[in-house]
> 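One structure follows; several queries about it will come next.
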Amino acid sequence: MNEAKLQLLLDRAEISDIVTRYAMGMDLQDWKLFRSCLSDEVEADYSEATGQPAATLKANDFVAFIQGTLSTEKLRTQTLSTNNAITIEGDRATCVSYYVAQHYLPKDSGSGEAFKTVISYHLSGVW
């Protein structure tokens, strides 16, 4: 295998690891881990969920938004990342990933309700 192909495989594996750590950071509510997956600015479009238009945010503000959303006491989540379609062209990379997140609020702290969120992430950046 030549060096270029090997580097492509290593880059794809690193991108896949970032996508996995992103989900784990949310599930573990490990905001340092979650922040480590982001560049300094994030383009976020949660308009279907929040009614707010897409926006470019500082990464720390985006982390605070997600943290505020998931910080309900005793809320437990399990996020699965699937179908990571990674494209690398030169020093730019994109990844489209589908996330399915299970959310559960135990009865002792809430309703005992379970619900699922399905979302796609379109990630891009300089690699």
Side-chain angles (χ1 to χ4, degrees):
M1 178 178 294
N2 69 35
E3 281 190 45
K5 285 184 181 179
L6 178 58
Q7 188 59 55
L8 179 65
L9 290 173
L10 292 171
D11 290 346
R12 290 175 58 83
E14 189 172 352
I15 292 166
S16 184
D17 286 349
I18 290 169
V19 171
T20 299
R21 287 194 327 263
Y22 183 94
M24 288 180 64
M26 286 188 290
D27 291 342
L28 298 171
Q29 295 195 12
D30 181 339
W31 305 116
K32 186 175 180 179
L33 175 65
F34 183 72
R35 172 61 180 91
S36 75
C37 300
L38 306 172
S39 60
D40 291 336
E41 288 190 333
V42 176
E43 292 180 31
D45 184 354
Y46 288 92
S47 56
E48 287 186 33
T50 66
Q52 300 296 316
T56 299
L57 305 169
K58 300 272 187 217
N60 291 339
D61 293 338
F62 179 71
V63 172
F65 167 72
I66 297 297
Q67 184 177 4
T69 302
L70 296 179
S71 289
T72 301
E73 187 176 347
K74 296 190 180 182
L75 176 69
R76 298 294 173 250
T77 64
Q78 180 186 37
T79 305
L80 307 174
S81 171
T82 64
N83 301 339
N84 295 328
I86 299 169
T87 304
I88 300 174
E89 295 177 358
D91 64 351
R92 294 213 45 92
T94 61
C95 175
V96 176
S97 181
Y98 299 118
Y99 282 67
V100 177
Q102 308 275 357
H103 298 79
Y104 178 69
L105 190 58
K107 282 192 179 202
D108 65 339
S109 63
S111 65
E113 181 181 0
F115 60 95
K116 193 182 301 184
T117 303
V118 179
I119 192 167
S120 66
Y121 283 94
H122 298 254
L123 313 165
S124 66
V126 176
W127 203 249

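By convention here, the first residue in the shown sequence is residue 1. Here the structure is a predicted model, which means the values were calculated and not measured.
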> Report the C-alpha separation of Lys5 and Asn2 in whole Å, then their side-chain angles, then the decisive distance to 0.1 Å, and conclude whether the side chain to side chain contact (heavy atoms under 4.5 Å, CB included) test is met.
CA-CA 6 Å; Lys5 285 184 181 179; Asn2 69 35; 3.5 Å; yes

> So do the side chains of Ile88 and Leu8 get within less than 4.5 Å of each other, counting heavy atoms only?
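Yes. Closest side-chain heavy atoms under 4.5 Å.
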
> Apply the hydrophobic cluster definition, ILVMFWY joined by side-chain contacts under 4.5 Å directly or through others, and give me every member besides Leu28.
Met24, Leu33

> For residues Trp31 and Ile66, determine if any side-chain heavy atom of one lies less than 4.5 Å from a side-chain heavy atom of the other.
yes

> Should Phe34 and Ile119 be regarded as members of a common hydrophobic cluster, given that ILVMFWY residues are connected when their side-chain heavy atoms come within less than 4.5 Å of each other, either directly or indirectly?
yes

> According to side chain to side chain contact (heavy atoms under 4.5 Å, CB included), who are the partners of Ser16, at least two apart in sequence or on a separate chain?
Asn84, Ile86

> Rounded to the nearest 0.5 Å, how far does CD of Gln102 lie from OG1 of Thr79?
9.0 Å

> Sequence neighbours excluded, which residues qualify as side-chain hydrogen bond (donor to acceptor under 3.5 Å, both in side chains) partners of Ser47?
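Checked Ser47 against side-chain hydrogen bond (donor to acceptor under 3.5 Å, both in side chains); matches are Asp45.
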
> Find out whether Phe65 and Thr50 are in side-chain contact, i.e. whether some heavy atom of one side chain is under 4.5 Å from a heavy atom of the other.
yes

> Using 0.5 Å steps for rounding, measure from the OG1 atom of Thr94 to the NE2 atom of His122.
10.0 Å

> At their closest point, which heavy atom of Cys95 faces which heavy atom of Val19, and how far apart are they?
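What the structure gives for the nearest pair is SG-CG2, 3.9 Å.
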
> Mark yes or no for whether Gln29, through its side chain, and Leu70, through its backbone, hold a donor-acceptor pair below 3.5 Å.
yes

> Tell me, please, which residues at least two apart from Gln7 pass side chain to side chain contact (heavy atoms under 4.5 Å, CB included).
Leu10, Asp11

> Evaluate the side-chain proximity of Tyr99 to Val118: yes if any heavy-atom separation is below 4.5 Å, no if none is.
no

> Show the nearest heavy-atom pair for residues Phe62 and Ala44, with the distance to one decimal.
CE1-CB, 3.9 Å

> Who are the ring pair (Phe, Tyr, Trp, His ring centres under 6.0 Å) partners of His103, not counting sequence neighbours?
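So His103 forms a ring pair (Phe, Tyr, Trp, His ring centres under 6.0 Å) with Phe115.
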
> Do you see a donor-acceptor pair shorter than 3.5 Å between the side chains of Ser81 and Ser97?
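Their side chains do contain a donor-acceptor pair, which is all the 3.5 Å distance test asks for.
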
> Please find out if less than 6.0 Å separates the ring center of Tyr121 from that of Tyr98.
no

> Residues two or more places apart in sequence or in another chain: which of them pass side-chain hydrogen bond (donor to acceptor under 3.5 Å, both in side chains) with Asp61?
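For Asp61, no residue satisfies side-chain hydrogen bond (donor to acceptor under 3.5 Å, both in side chains) once neighbours in sequence are set aside.
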
> Say you draw a straight line from CE of Met26 to SG of Cys37; how long is it, rounded to the nearest 0.5 Å?
9.0 Å

> Measure the OG1-CG distance between Thr69 and Leu75 for me, rounded to the nearest 0.5 Å.
10.5 Å

> Using a strict cut-off of less than 4.0 Å between a Lys/Arg side-chain nitrogen and an Asp/Glu carboxylate oxygen, indicate whether Asp30 and Arg21 qualify as a salt bridge.
no

> Measure the shortest side-chain to side-chain distance between Leu38 and Val63 over non-hydrogen atoms and say whether it is less than 4.5 angstrom.
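Yes - at least one pair of side-chain heavy atoms lies under 4.5 Å apart.
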
